[in-house]
There are 2 protein chains.
Amino acid sequence: MTLPEQPARPRGSYAKGVARRQEILDRAIEVFAQRGGTRTSLRAIAQEVGVTHAALTHYFGSLEELLVAVYDESSRRPGDNEYTPGEVTPAEMMRRSAEENRAIPGMVQLYSTLNATAIDGNHPAAQAYVTERFADLRARLAAQVREQQASGTLRADVDADLAAALVIAASDGLQIQWLLDPEVDHAAALRLLDRLLSTPES
Amino acid sequence: MTLPEQPARPRGSYAKGVARRQEILDRAIEVFAQRGGTRTSLRAIAQEVGVTHAALTHYFGSLEELLVAVYDESSRRPGDNEYTPGEVTPAEMMRRSAEENRAIPGMVQLYSTLNATAIDGNHPAAQAYVTERFADLRARLAAQVREQQASGTLRADVDADLAAALVIAASDGLQIQWLLDPEVDHAAALRLLDRLLSTPES
DNA sequence: GTCTATACGTCGATAGAC
DNA sequence: GTCTATCGACGTATAGAC
C-alpha cells in the first residue's frame, strides 16, 4: 500500500515540474527499455527524449539520480506485485520479479549498473537508494519466511534473515550469470533453492 | 596448474614489454588495493604508478583490459587456492575465496565493477574474461558437487550444475549486500546454503 | 518556473615526436 | 618504448532567455 496519499511526487524534490518531469521520465523509461543499458550517456538520453541534457539535470539533478528514478519507476510499474500475497515461497517471489524485469530488455543491465554505481562510493544517491531497497526487500522476505515457517511450509531450522539475504543474493547473482551466458537457468536454480528451503516431504 | 609453460605473459599480447608490464601491473595492484575501487581513472592510476596514462594504454590497450589484468593477477595471487582439495564443500570454497578478497580493500569493488563492465556490452575484453571465469568456476564447482554427492556428503537429489551456479550467485550477491550493509553476514549465509545442500543427518 | 546555450574540467583514446 | 599533444565526448555548473 505504501500510503495512499502519493499522487506522483518526484520523491525527494520540492515539486519542481511534476507533470513535465513525469513525462520526461516516461520517455526515458522507454529509451532504457529499448536499447540495452549500453550507450546511456546523459546527452544521448536527452537527445532521444527530445530535450537538452541540461533539462535532464534540471529535473533530476544528476545522472545517477536519473538512473535511480528510471529504475524505481519502472520496477514499481509492471505488475504492482510489491507486497505479494504470502502464499508464494520467497525464491518464487524473487523469480517472478526477476522474470518481469527480464521481459524489459534494458532492465537487468540497468539494475546491475545501479548496483555497481551504489557500490563504488562517491555516488551517495544511488548508494542510499540501493541500500534501502535491499533492506526493505530483506525485511519483507524475512517476514514471509517466518510466516511460512509458522505454517509449516518452510524448514523451521533456518534463520529467516539469513534466508532472505540468501534468496535475494542468489537471484541477483544468477541474473548476472544468465546475462553473460543464457544457458544458466535462473528460474531452475531458484526453484532448487526453494526446494532446499522447504520442509522435507518426510 | 593451468599449464606450467607460462612465465609471465601478458595474456593476449605478443609480448610487448613483458618485464616492464609486470612491474607496472604490480604497482597498479597496490594502488587498487589501497584506495577503494573509487577514483580509478586511467590518469589517476598512471599518476600513482609513476607513468603517463598513455603508457598504461600502451601496455594494456585500454582501461577495461587493465582492470581485467589487475583483477586476474591479484585474484590468482593470494593463496594460490585455485583447485582446492575436494574435501571442502562448494559454498565453503566460495566463502574462503571471498574472504581473501575481502581482506584486500579495493578487491570487492573491483570485482563488482568488472562484472558491471562485462554486462553492459561494448566492453568485449571484460565480457570475455568474466564470462569465461564464470564458466570455469561453475565447471569446477559442479565437479566438486558430483564428487561429494558420490561420497554421500551432499544431497544426491540436486542438479550439480544448478547447485554450482547457485552457490556462485549467492556468494557474489551476498558480497554486494555486505558492501552496502556490513550487517549482512556473508559467511553465515553461505554456511546456511552449505547446510541446505548437505545430506540430512537423519 | 522551464529550459537553452555555453563553458569548464576530466575522461579514454590516439598520433606522432623523440 | 615512452611521452607530449591533441581529440571528441563525458558529467556538471551557471547565466540568462522565455
Side-chain angles (χ1 to χ4, degrees), chain A residues 8-10 12-28 31-32 35 37-70 110 113-114 116-118 120-127, chain B residues 8 10 12-25 27-28 31-32 35 37-70 110 113-114 116-118 120-127:
Chain A
R9 274 292 161 79
S13 154
Y14 304 94
K16 283 183 186 172
V18 184
R20 178 66 175 140
R21 188 195 136 108
Q22 189 63 41
E23 204 177 313
I24 292 177
L25 186 52
D26 288 344
R27 271 296 293 141
V31 171
F32 271 86
R35 12 181 106 256
T38 179
R39 199 191 158 254
T40 43
S41 72
L42 197 59
R43 290 165 141 97
I45 300 167
Q47 187 181 348
E48 297 211 54
V49 168
V51 293
T52 59
H53 67 279
L56 291 183
T57 65
H58 173 69
Y59 285 110
F60 298 95
S62 70
L63 173 61
E64 63 165 323
E65 289 173 273
L66 173 61
L67 293 179
V68 167
V70 167
L110 175 56
T113 300
L114 210 56
T117 305
D120 88 339
N122 287 16
H123 294 274
Q127 177 168 346
Chain B
S13 155
Y14 304 95
K16 284 181 185 173
V18 184
R20 179 67 176 139
R21 186 195 135 108
Q22 189 62 39
E23 204 176 311
I24 292 177
L25 184 52
R27 271 295 294 142
V31 171
F32 271 85
R35 12 183 106 255
T38 179
R39 197 189 161 253
T40 43
S41 73
L42 199 58
R43 290 166 139 95
I45 300 168
Q47 186 181 348
E48 296 210 56
V49 168
V51 294
T52 60
H53 68 278
L56 291 184
T57 65
H58 172 67
Y59 283 110
F60 298 94
S62 70
L63 174 61
E64 62 164 324
E65 289 173 274
L66 173 61
L67 293 180
V68 167
V70 167
L110 175 57
T113 300
L114 210 57
T117 305
D120 89 339
N122 287 15
H123 295 274
Q127 177 168 346

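Below, read A as the first sequence line, B as the second, and so on, with proteins coming before strands; counting in each chain starts at 1. What you see is a predicted model, and the numbers here were worked out from it, not measured in a lab.
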Next on the checklist: Among A:Leu56, A:Leu42, A:Val68, which residue satisfies the side chain to side chain contact (heavy atoms under 4.5 Å, CB included) criterion with A:Leu63?
Outcome noted: A:Leu42
Next on the checklist: Measuring from the side chain of B:Leu42 (C-beta onward, heavy atoms only), which nucleotide among C:dG12, C:dA15, D:dG1 has the closest atom?
Outcome noted: C:dG12
Item to check | Closest to the A:His53 side chain, choosing from D:dC3, D:dA5, D:dA13 | outcome: D:dA13
Checklist entry - Is the shortest heavy-atom distance from the side chain of B:Leu67 to the side chain of B:Phe60 under 4.5 Å? => result no
Checklist entry - Hey, is the side chain of B:Thr57 poking within less than 4.0 Å of OP1 or OP2 on C:dA13, counting only N and O atoms? => result no
Next on the checklist: A side-chain contact here means heavy atoms from C-beta on lying under 4.5 Å apart; do B:Val51 and B:Arg20 qualify?
Outcome noted: yes
Checklist entry - Within the structure shown, what part of the strands sits under 4.0 Å from B:Thr52 by heavy-atom distance: base, sugar-phosphate, or nothing? => result base
Checklist entry - Between atom CG in B:Leu56 and atom P in C:dG12, what is the gap in whole Å? => result 10 Å
Checklist entry - Once you round it to whole Å, what is the distance between P of D:dC10 and CG of A:Leu66? => result 15 Å
Checklist entry - Touch check for B:Arg43, heavy atoms < 4.0 angstrom, all strands: base, sugar-phosphate only, or nothing? => result base
Next on the checklist: Between P on C:dA13 and CD1 on B:Ile45, what's the gap in Å once rounded to a whole number?
Outcome noted: 11 Å
Checklist entry - Roughly how many Å is it from NE2 in B:His123 to C1' in C:dA13, rounded to a whole number? => result 13 Å
Next on the checklist: For a quick check of understanding: with a heavy-atom distance under 4.0 Å over all strands, which category does B:Ala55 fall into, base, sugar-phosphate or nothing?
Outcome noted: sugar-phosphate
Next on the checklist: Return whichever of A:Ser62 or B:Ile24 has its heavy-atom-nearest nucleotide of DNA chain D closer to the 5' end.
Outcome noted: B:Ile24
Checklist entry - For the atom pair CZ (A:Arg21) and CG (A:Asp26), what is the distance rounded to the nearest 0.5 Å? => result 11.0 Å
Item to check | Length of the line joining B:Asn122:CG and C:dA13:C1', which is rounded to integer Å | outcome: 15 Å
Checklist entry - Phosphate oxygens OP1/OP2 of D:dC10: is one of them under 4.0 Å from a side-chain N or O of A:Ser41? => result yes
Item to check | d(NE2, B:His58; P, C:dG16) in whole Å | outcome: 17 Å
Item to check | Length of the CD-P vector between B:Glu23 and D:dG1, whole Å | outcome: 14 Å
Checklist entry - With a 4.0 Å cut-off on heavy atoms, is B:Leu63 in touch with a base, just the backbone sugar-phosphate, or nothing at all? => result sugar-phosphate
Next on the checklist: Going by the rule salt bridge (Lys or Arg N to Asp or Glu O under 4.0 Å), which residues pair with B:Arg43 if we only count those two or more places apart in sequence or in a different chain?
Outcome noted: none
Checklist entry - Whole Å only: how far is the CD atom of B:Gln47 from the C1' atom of C:dC11? => result 14 Å
